[in-house]
Amino acid sequence: MTQFEIYSVASVSLFGLGLFGLIALPNILRKILSFNVLGVGIFLFLVATAQRDDPTQPDPVPQAMVLTGIVVAVSVTAFALALLQRLHGETGMTMLDDEKAESDQ
Amino acid sequence: MGNHSDLRTTENALPRSLLRTLIAAGLTIAIAAMVGISMFQLPEGTAWPTPPARETLQESGVDQAVTAVLLNFRSYDTWLEVVVLLVAMLAVLTIRRQHHFALQQTDIFDDPVIRYFSRLVVPFMVLTSGYLLWLGTRLPGGAFQAGAVLAATLLLLVTAGQAKAGPVRSSRLLLLIVLAGFLAFSAVAIVNLGAGNPMLQYRSGREGLTILAIETAVTISIGLTLALLYFTGLASRNRVDSDSTHSMDHPYDPV
Amino acid sequence: MVNENLLRAFDIVLAISLVGLATMLLLAKDLFKSVVMFIVFGLLMSITWVRLSAPDIALAEAAIGAGLTGALLLRALRQLQPALISASEADTRLNEE
């Protein structure tokens with residue numbers, strides 16, 4: 001197994017985990033964590049590709065994109081957390097769970 | 001407040017419906033498998049259609065490829081990146097119903113040991129930030145890393161009660177610092193437009209200096225913006241909450 | 001080469017830990033544990049970036065991905081649940097009884 005293969009498999013697993021969490025986990029804070037895991041999976045793939053052909057001379061373009069992406073991810077996380085806290089302040093909700101909302105009515 | 005049980009920190013992470021979990025898992029595995037298969041079919045050597053940035057590195061004004069990409073070859077990305085941060089921070093200000101920039105919080109971590117060590121460590125953190133910025137022209141480092149260290153420094157300073165800024169008097173100064181990175185890029189663009197050049201072209205022979213100047217502005221912008229993202233809503237929290245109808249249901253307890 | 005094999009083994013262990021930790025952090029019952037595991041996950045990612053010859057990203061990940069995101073998450077958790085620790089302790093005690 002080459003290094004590229006190892007980390008590609010890891011990256012697609014992280015992507016899948018994050019996607020699953022984003023869809024399935026009802027707690028919004030967990031959805032935000034899932035979003036971050038999903039993003040890291042994509043970053044990992046970009047960086048693994050950047051050094052696939054020559055690990056001593058990685059392509060700096062995807063690396064720069066990932067660097068930008070990390071900063072965007074943290075600002076989106078801050079935004080999502082602010083939304084979650086406002087939602088909780090207004091309604092007391094921290095979950096997006098249809099069954100629960102129905103049973104509460 | 002029947003929904004208060006939502007706040008349990010110990011709970012099952014998965015949805016209660018097993019069927020739902022299984023459908024989501026199945027779909028996710030299918031999508032991930034498709035992505036995974038296509039990953040291994042990428043043709044050799046042509047993963048990135050851009051011309052190799054390394055070959056034109058000498059023209060960029062810096063000796064480090066990632067910095068060259070961020071601040072020269074693809075400087076539009078970084079310009080708009082600063083705008084993204086700005087917009088995110090304005091959105092957070094709006095959602096948290098705060099009308100000014102402020103680096104302060106009501107519940108300061110007042111501990112003599114923390115206070116002493118923060119005083120001891122902060123000068124070195126600022127030094128590290130500056131060093132990372134300077135280093136970024138030759139070795140790994142640069143505006144993003146230096147900005148992050150700067151943000152961490154501000155977090156430590158304010159949380160340990162060593163410094164605060166805002167809400168009214170320093171708000172304009174904070175706004176100026178937040179905008180610094182955007183304004184630095186804009187200044188270059190305006191000068192170039194006046195001279196009839198492409199917008200973000202650096203003057204030949206002065207690339208290194210221009211990049212360092214822009215990077216410095218971007219560093220302090222990123223540092224302050226990231227710190228503001230953390231502190232927004234923590235300052236004068238009680239006053240912000242006083243008009244909220246739910247303030248009694250969800251008291252913010254600073255102790 | 002022994003060294004090469006050792007590094008490859010390290011890569012495999014690192015990749016497995018990343019995926020395992022991500023699974024654990026998403027499915028942990030205690031949200032506080034989730035957030036702490038997310039911070040550890042960020043630090044592991046930082047090592048991964050070094051392995052993938054991207055030290056620039058490693059520096060940024062350690063400071064932003066692990067540090068600042070962790071601080072933001074802990075702050076949100078604390079405001080959402082002021083009695084965070086006591087509540088989860090009470091729950092554990094309840095479960096044990």
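We name chains A, B, ... by the order of the sequence lines, and we start the count at 1 in each one. All heavy atoms count here, side chains included; hydrogens, waters and symmetry mates do not.
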(request) State, to 0.1 Å, how close B:Pro140 and C:Asp56 come at their nearest heavy-atom pair, and which atoms those are. (result) CA-OD1, 3.5 Å
(message) Please classify the contact of C:Ala28 with chain B as side chain, backbone, both or neither, using a heavy-atom distance under 4.5 Å.
(response) backbone
(message) Can you tell me if B:Phe117 has over 12 outside heavy atoms packed within less than 6.0 Å of its CZ?
(response) no
(message) Nearest 0.5 angstrom please: B:Phe144 CZ to C:Ile57 CD1, how far?
(response) 11.0 Å
(request) Search all heavy atoms of C:Arg75 against all heavy atoms of B:Thr232 and return the closest pair with its distance. (result) NH1-O, 2.9 Å
(request) Could you look at C:Leu68 and say if it's the side chain, the backbone, both or neither that has a heavy atom under 4.5 Å from chain B? (result) side chain
(request) Any chance you could measure C:Leu59, atom CG, to B:Thr128, atom OG1, to the nearest 0.5 Å? (result) 11.0 Å
(request) Give the minimum heavy-atom separation between C:Ala71 and B:Leu155, together with the two atoms involved. (result) CB-CD2, 3.9 Å
(request) Measure the spacing between CD of B:Gln145 and CD of C:Glu61 and express it to the nearest 0.5 Å. (result) 11.5 Å
